[in-house]
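Since the model is a prediction, treat every value here as computed from it, not as a measurement. Starting from 1, each residue takes its place in the sequence as its number. Keep in mind that the numbers below use all heavy atoms, side chains included, and drop hydrogens, waters and symmetry copies.
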Amino acid sequence: MRVITGTARGRNLKTLDGLETRPTADKIKQAVFNTIQFDIEGMHVLDLFAGSGQMGIEALSRGAQSCVFADSNPDAVKIVEENLSLTKLAQKANVYNMDAFALLKSGRLKNKIGIAFLDPPYAGETLLDALNMLISLDIMADFGVIIAESSAEKELPEQIGEFFKCKKNNYGKTSVSYYRKGENV
């Protein structure tokens with residue numbers, strides 16, 4: 001797993017050993033960043049359920065202003081911090097070893113989020129709960145985009161609050177849905 005482009009281009013990132021986390025495949029990451037490439041510059045990014053932090057790190061490498069990373073697994077947080085150090089992007093990041101829902105409710109997100117990456121475990125309703133909370137707490141910027149990774153079998157709603165699913169791509173067993181405010185496509 002490596003950073004695709006930007007200031008940290010080509011740097012290899014560490015991942016957690018074992019099956020607790022499921023890093024986003026490089027081809028999926030490439031497709032996501034091709035889709036949002038013009039949305040990144042200067043944005044405040046949120047990487048919930050961060051795992052290795054690769055999505056937020058890629059955004060920082062491509063010109064995002066800042067990124068908040070959250071994961072409840074202390075080993076994942078350590079990997080995120082190591083990856084930020086390896087890529088020399090730590091000064092643009094805040095890393096929290098806490099539950100995603102606790103972070104959203106904590107008031108620690110001082111800036112409206114322009115890009116939010118949500119990639120929780122596929123089982124259960126965690127993704128839908130995180131989408132609902134993210135939108136209901138009015139944390140997203142009006143022009144923001146939420147990128148939600150899920151099992152291809154899981155059907156996410158077309159609309160949550162004022163955010164509409166404007167795009168969905170399937171990659172084998174994985175699906176990526178994009179939500180934007182007021183974009184009913």
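- Closest heavy-atom contact between Met1 and Ser52: CE-OG, 3.3 Å.
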Test Asn83 against Gln54 for side chain to side chain contact (heavy atoms under 4.5 Å, CB included), laying out the working first. CA-CA 8 Å; Asn83 285 334; Gln54 71 163 322; over 6 Å; no

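- Residues Leu134 and Met140 meet the side-chain proximity criterion, which asks for heavy atoms closer than 4.5 Å.
- The six-membered or imidazole ring of Phe33 lies near that of Phe117, with a centre-to-centre distance under 6.0 Å.
- With salt bridges taken as basic N to acidic carboxylate O contacts below 4.0 Å, none links Glu149 and Lys29.
- Follow the hydrophobic side-chain contacts under 4.5 Å out from Tyr179 and you reach Ile113 in the same cluster.
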List the steps, then state whether side-chain hydrogen bond (donor to acceptor under 3.5 Å, both in side chains) holds for Gln30 with Asn34. CA-CA 6 Å; Gln30 179 72 50; Asn34 284 344; 3.0 Å; yes

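- The line from CG of Asn111 to CD1 of Ile139 is 12.0 Å long, rounded to the nearest 0.5 Å.
- Both Leu131 and Leu137 are members of a single hydrophobic cluster when ILVMFWY side chains are connected at heavy-atom separations under 4.5 Å.
- Follow the hydrophobic side-chain contacts under 4.5 Å out from Ile147 and you never reach Leu60; the two are in separate clusters.
- Between Ser151 and Glu153 the shortest side-chain heavy-atom distance falls below 4.5 Å.
- In Lys105, the NZ atom is not crowded: 12 or fewer heavy atoms of neighbouring residues, nucleotides or ligands sit closer than 6.0 Å.
- The closest side-chain heavy-atom distance from Thr7 to Leu89 is below 4.5 Å.
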Residues Arg180, Asp39; criterion salt bridge (Lys or Arg N to Asp or Glu O under 4.0 Å); working and verdict: CA-CA 12 Å; Arg180 291 185 186 268; Asp39 296 314; 2.5 Å; yes

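- Proximity of a side-chain donor or acceptor of Ser61 to a complementary backbone N or O of Ile57 within less than 3.5 Å is not detected.
- Side-chain contact between Tyr122 and Lys154: absent, with no pair of heavy atoms (C-beta onward) separated by less than 4.5 Å.
- In this structure, NZ in Lys181 is found 3.5 Å from CG in Asp142, a value given to the nearest 0.5 Å.
- A salt bridge links Lys112 and Asp138; the closest N-O separation between the charged side-chain nitrogens and carboxylate oxygens is under 4.0 Å.
- For Leu13 against Thr87, the heavy-atom pair with the smallest separation is CD2-CG2, 3.8 Å.
- In this structure the side chain of Ile4 never reaches within 4.5 angstrom of the side chain of Arg9, judged on heavy atoms.
- Taking every heavy atom of both residues into account, Gly172 and Ala152 meet most closely at O-CB, 3.6 Å.
- Partner Leu16 forms a side chain to side chain contact (heavy atoms under 4.5 Å, CB included) with one of Val80, Asp71, Ile79 and no other, that one being Ile79.
- Annotation for Gln91: atom CD counts as buried by contact number, over 12 foreign heavy atoms lying within 6.0 Å.
- Taking CG of Asn94 as the start and NZ of Lys110 as the end, the distance is 10.5 Å to the nearest 0.5 Å.
- Within the 3.5 Å criterion, the main-chain N or O of Ile160 finds no donor-acceptor partner in the side chain of Lys165.
- For Ala8 against Val3, the heavy-atom pair with the smallest separation is O-CB, 3.3 Å.
- Residue Leu118 is grouped with residue Leu109 when hydrophobic side chains (ILVMFWY) are merged at heavy-atom distances under 4.5 angstrom, including chains of intermediate members.
- The two residues Val77 and Tyr96 come nearest to each other via the heavy atoms CG2-O, 3.8 Å.
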Could you walk me through whether Ser72 and Asp99 pass the side-chain hydrogen bond (donor to acceptor under 3.5 Å, both in side chains) check? CA-CA 5 Å; Ser72 60; Asp99 174 77; 5.4 Å; no

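- For the atom pair CG of Leu127 and CG of Leu48, the computed distance is 10.5 Å after rounding to the nearest 0.5 Å.
- Counting heavy atoms from C-beta on, the side chains of Ile146 and Ile135 come closer than 4.5 Å.
- With a 4.5 Å cut-off on side-chain heavy atoms, Lys27 and Tyr171 count as touching.
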Check the pair Met55, Phe49 against side chain to side chain contact (heavy atoms under 4.5 Å, CB included), reporting the backbone distance first and the verdict last. CA-CA 11 Å; Met55 299 302 278; Phe49 315 99; over 6 Å; no

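- Closest non-hydrogen pair, Gly56 versus Cys67, comes out as CA-SG, 3.7 Å.
- Hydrophobic clustering (side-chain heavy atoms under 4.5 Å, transitive across Ile, Leu, Val, Met, Phe, Trp, Tyr) keeps Phe69 apart from Ile36.
- Interatomic distance, CZ of Phe143 versus CD1 of Ile115, reported as 9.5 Å (0.5 Å rounding).
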Residue pair Ser150, Leu156: steps toward the side chain to side chain contact (heavy atoms under 4.5 Å, CB included) verdict: CA-CA 9 Å; Ser150 65; Leu156 295 176; 4.3 Å; yes

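- Salt bridge present: Glu155 and Lys168 bring a charged side-chain N and a carboxylate O closer than 4.0 Å.
- The stretch residues 76-98 participates, sequence neighbours left out, in these salt bridge (Lys or Arg N to Asp or Glu O under 4.0 Å) pairs: Lys14-Glu82.
- No donor-acceptor distance shorter than 3.5 angstrom exists from the side chain of Lys173 to the backbone of Asn170, with no hydrogens or angles considered.
- At least one side-chain heavy atom of Leu103 sits under 4.5 Å from a side-chain heavy atom of Val68.
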